[in-house]
Every structure is written in C-alpha cells, then in structure tokens.
2 protein chains.
Amino acid sequence: MTTASPGGPRWLTDEEQSVWRAYLHATTLMEDHLDRQLQRDAGMPHVYYGLLVNLSQAPRRRKRMTDLAKDAKITRSRLSHAVARLEKNGWVRREDCPSDKRGQNAVLTDEGYDMLARSAPGHVEAVRQAMFARLSPQQVQSLGEIMQVIATGLQPEDMDADLPWLR
Amino acid sequence: MTTASPGGPRWLTDEEQSVWRAYLHATTLMEDHLDRQLQRDAGMPHVYYGLLVNLSQAPRRRKRMTDLAKDAKITRSRLSHAVARLEKNGWVRREDCPSDKRGQNAVLTDEGYDMLARSAPGHVEAVRQAMFARLSPQQVQSLGEIMQVIATGLQPEDMDADLPWLR
DNA sequence: TCTATCTAGTTAAACTTTCAAGAAAAGGTC
DNA sequence: GACCTTTTCTTGAAAGTTTAACTAGATAGA
C-alpha cells in the first residue's frame, strides 16, 4: 500500500504513516498531560494559562484583545469568553483603550501575577520532564527547526506576501 | 535568565523556551487546520474522524467501546458522546457484545465507510501539505523518533513496568 | 451462596469552544 | 457631511469535553 496508482489518490508512505501516528499520539498525550497538570495546580486549562503568561510578558502586563488573540492563536470570540472567566477569578481585568473607543485591554492583575509566580515552577518542571529531559541536544535543536517549518507553512496571516500568482 | 539559582526553580534555557514556543505554535495551528479541513469536507472534528479510521482498520470494522477509547486516547465518557453523535449521522452503530452483557461494540456502518473513502484523499493531502511536503527525509525520520520518545514518556499505562525503583 | 469489589458503559451538569450574528466605533470615498 | 466598508469586541446558541455519580454485569473470596 506504499505506492499509489498513478492518477489515484497519493497516500502516505509506511514511514510517513508511522510518523504521523506518533505525532498525533504524542501531541494529544502532551496536551492532556499539561491540561490536567494545570487544572490541578492552577485551576485552569492550558490555553488560559498561556494567556496569562502572554500578558505577564507584555509591556505593563496588558494587551489589546485582538493582539492577544492573534499572539495566542485563538479567535477573538474564544478570547472574550476566556477573559470573562479569568475576570471572574480576579486574575485579569478589562480596561478601555484610550486611543480607540472600540478597544479593550486585557490586564493581568496582581492576583493573576502571584498565581502565575506560584504555579510556574511546577509547570516548567512538567514540561521539562515530558519533553526536554528525554531528548538529546541534537533532538531538541532538530525539533525546533521542524516545528518552525510547520508553523510557518500554516501561518494564516498575510498569505498574499507569499503568493506571487496573486500579484 | 538562562541559568537558575541553585535550589531555586530550574527554568528552561533560551533555546528550550524557543523550541517549546515553536512546538505549541505549530501543534495548535496544525490541529486547527485539520479540524477545519475535516469539519468542512467530512462534517466532523478531527477526533471523530480518527475514531472512524480506527474502526475501519479493526477486524470486522468493530471494536469494544473501552478498547476504542484506549486506542484513541480519549475517555470512555467522551467516546460515549462521540458515538452517540456519529450514530445520529448513520456512520456508526452500536451492538451488544455477545460475550459480556455489559459490553458494547461500536461498528462502522457502510455509510460510514463510504464517507471515509470519500474524504480520506483530501485529508491525506492536507496532512501531506502541512507536514511531509515541507520536511526533508532526515527531518521526517527525526520527527518520528522524537515523537516516539515523548509519547513513551507520557504513556499512562503500566507505569510500573518501567519503574525499577518501585520493584 | 453471599458479599464485596471491580469493570463497562452511560448520564447529568458544569465548563469550553465554535459559529453566526450584531452593536459600536473607525476609516475611506464621494 | 453622508454613505459604505472595515475593524473591534461581545453575545447567544449549539456542539464538544470533563468530572463525578450512577446502573448493570462480571469477578473473586469467605
């Protein structure tokens, strides 16, 4: 089943199929693992934690909703719901954007920052044990390059810039 | 910030942080991409599609619920909901297990099989374009090894078998 | 047998995500 | 300015997931 009939659908080689299965397997286990770890230790899913981390690294610990959504690779709708939830927890608050009356800033509160400071070490340790402790330096480097290539290929933004046939 | 103070929390090196960001970025983009592709072309999310594929490869195109859940790495509860939905679509049906009166088999119907046959080429093509078309043979091999290592490390089952210090 | 325990699968409720629709402000064009 | 389009963000409903509780049947031990 490795070679496709000419004109028919092209299937993956046996090696590609095996790599694809390993990829799906590993990524779902990883996401489950981190979701549980953070739900247990920080009371929120991984995506929400990522939002707080993102805010914590932004200037003045705040960011426009649209920018945050873009950086975190989620829809604005999803972000609206997420921020509403995090606001209830007291970890984020909204403030009006001075320059654009449509705009909102999501702001990481002190409580949010403290929570992050408390749970970060455990989360980093979980990531290390699940990934970096098991890979050689060469593998780490290789993984970085591979993920970079895949991400670049899937970037939705500014497709035009790479589509000469549309110019 | 690369080196940690002894006794304090160990952080990731700059390279590890960058690799981790690339990993998160690429895997979320990939999952979003495939979810949309399959929602559009097959009318279901990626996980549900994976269940049908799994059934299609099982002997007699059927599998015990618990086994299917284990193989697909999802909870039994999630599978119950998923099968209920796929049953409504006519792609799967349940049948009582003859040997164990508690048991249920999930069975891929002919309609389900046809649907799979129709949508598989497009899905394979999406996977190829997103991943294999962009990686060198060395990178594909490397990715396979890396994902294998990560998955093995996160395997929940039979941890005892690999824990000499518990013996 | 009788009983306790475990396993298979489902269900209800709470929560998260997606999708489509909509309000409000900004930007451009005449 | 008037008009049209775009951008920003929110909302409500539908779909999917999680957690804990629950039923029914299997299993093992006294």
Side-chain angles (χ1 to χ4, degrees), chain A residues 28-29 31-40 42-52 62-89 92-107 156-158, chain B residues 28-29 31-40 42-52 62-89 91-107 156-157:
Chain A
T28 56
L29 286 178
E31 190 55 21
D32 285 3
H33 183 63
L34 295 183
D35 259 340
R36 270 159 218 227
Q37 186 265 316
L38 285 170
Q39 193 69 58
R40 173 165 49 78
M44 66 189 135
H46 190 199
V47 179
Y48 289 23
Y49 183 87
L51 294 175
L52 298 191
R62 68 198 63 207
K63 215 176 239 187
R64 280 290 293 270
M65 293 291 281
T66 294
D67 296 335
L68 182 52
K70 206 164 288 177
D71 295 345
K73 275 89 196 171
I74 63 176
T75 61
R76 284 194 304 276
S77 170
R78 187 175 176 182
L79 181 60
S80 274
H81 290 297
V83 166
R85 197 272 219 189
L86 292 171
E87 215 169 11
K88 266 187 208 158
N89 285 283
V92 166
R93 82 188 140 71
R94 293 176 213 244
E95 78 183 6
D96 292 342
C97 176
S99 56
D100 186 336
K101 286 181 184 171
R102 296 167 304 179
Q104 291 280 104
N105 279 324
V107 187
E157 35 134 347
D158 291 343
Chain B
T28 58
L29 286 177
E31 191 54 21
D32 284 3
H33 184 62
L34 295 183
D35 260 340
R36 268 156 222 238
Q37 187 265 316
L38 284 170
Q39 194 68 59
R40 175 165 48 79
M44 66 189 137
H46 190 199
V47 179
Y48 289 23
Y49 183 87
L51 294 175
L52 299 191
R62 69 197 61 207
K63 215 176 239 186
R64 281 289 292 269
M65 293 291 281
T66 294
D67 295 337
L68 182 52
K70 207 163 288 177
D71 296 345
K73 275 90 197 170
I74 63 177
T75 61
R76 286 194 305 276
S77 170
R78 189 175 176 182
L79 180 61
S80 274
H81 291 296
V83 166
R85 198 272 219 186
L86 292 170
E87 214 169 11
K88 266 187 208 158
N89 285 283
W91 297 328
V92 167
R93 82 188 140 73
R94 294 175 213 244
E95 78 182 8
D96 292 342
C97 176
S99 57
D100 186 336
K101 284 180 184 172
R102 296 167 303 178
Q104 292 280 105
N105 280 323
V107 186
E157 36 135 347

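A, B, ... follow the sequence lines: proteins, then strands. Residue 1 opens every chain.
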Rounding to an integer number of Å, can you tell me how far [X] [atom1] sits from [N] [atom2]?
X	N	atom1	atom2	value
B:M44	D:dG16	CE	P	11 Å
B:R40	C:dT18	CZ	C1'	16 Å
B:I74	D:dT17	CD1	C1'	10 Å
A:Q39	C:dC15	CD	P	10 Å
A:K88	C:dA14	NZ	P	13 Å
A:L86	C:dT17	CG	P	10 Å
A:K101	C:dA26	NZ	C1'	11 Å
A:R64	C:dA26	CZ	C1'	11 Å

Requested in this report: Indicate the atoms forming the closest heavy-atom contact of B:A106 with B:L68, along with that distance.
Outcome: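 That would be CB-CD2, 4.1 Å.
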Report task. Go through C:dG9, D:dG25, C:dT17 for me and flag the one nearest to the A:V47 side chain. Result ->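 Among C:dG9, D:dG25, C:dT17, the one nearest the side chain of A:V47 is C:dT17.
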Report task. Please test B:V107 against B:V92 for side chain to side chain contact (heavy atoms under 4.5 Å, CB included), starting from the C-alpha separation and ending with a verdict. Result -> CA-CA 5 Å; B:V107 186; B:V92 167; 5.8 Å; no
Query raised in the report: Want to settle it: does A:D100 or B:A82 sit nearer the 5' end of DNA chain D, counting the closest nucleotide to each?
Result: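 First, find each residue's nearest nucleotide; the 5'-ward one identifies A:D100.
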Report task. Identify, between A:D32 and A:L79, the residue whose nearest nucleotide on DNA chain D lies closer to the 5' end. Result ->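 Upstream on the strand: A:L79.
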Does [X] place a side-chain N or O at less than 4.0 Å from the phosphate oxygens OP1/OP2 of [N]?
X	N	result
B:R76	C:dG9	no
A:R36	D:dT18	no
B:R94	C:dT10	yes
B:R78	D:dG16	no

Query raised in the report: Looking at CG of B:L51 and CE of B:M44, how far apart are the two atoms once the value is rounded to the nearest 0.5 Å?
Result: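 The distance works out to 9.0 Å.
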Query raised in the report: About how many Å separate OG1 of B:T75 and NE2 of B:H81, when rounded to the nearest 0.5 Å?
Result: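 Answer for the NE2-OG1 pair, B:H81 versus B:T75, is 8.0 Å.
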Query raised in the report: Want to settle it: does A:R102 or B:N105 sit nearer the 5' end of DNA chain C, counting the closest nucleotide to each?
Result: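 Nearest nucleotide further toward 5': that of B:N105.
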Query raised in the report: Hey, is NZ on A:K73 packed in by over 12 heavy atoms from elsewhere, all under 6.0 Å?
Result: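 Correct, the count exceeds 12.
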**Report entry** Full working for side chain to side chain contact (heavy atoms under 4.5 Å, CB included) between B:E31 and A:E31
**Finding:** CA-CA 11 Å; B:E31 191 54 21; A:E31 190 55 21; over 6 Å; no
Query raised in the report: Can we say A:R85 and A:E87 salt-bridge, meaning some charged N sits less than 4.0 Å from an Asp/Glu carboxylate O?
Result: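 No, this pair does not count.
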Check the interface with nucleotides 12-14 of chain D: list each N/O to N/O pair with the protein under 3.5 Å, or write none.
residue, atom, partner, partner atom, Å
D:dG12, O6, A:H81, NE2, 3.0

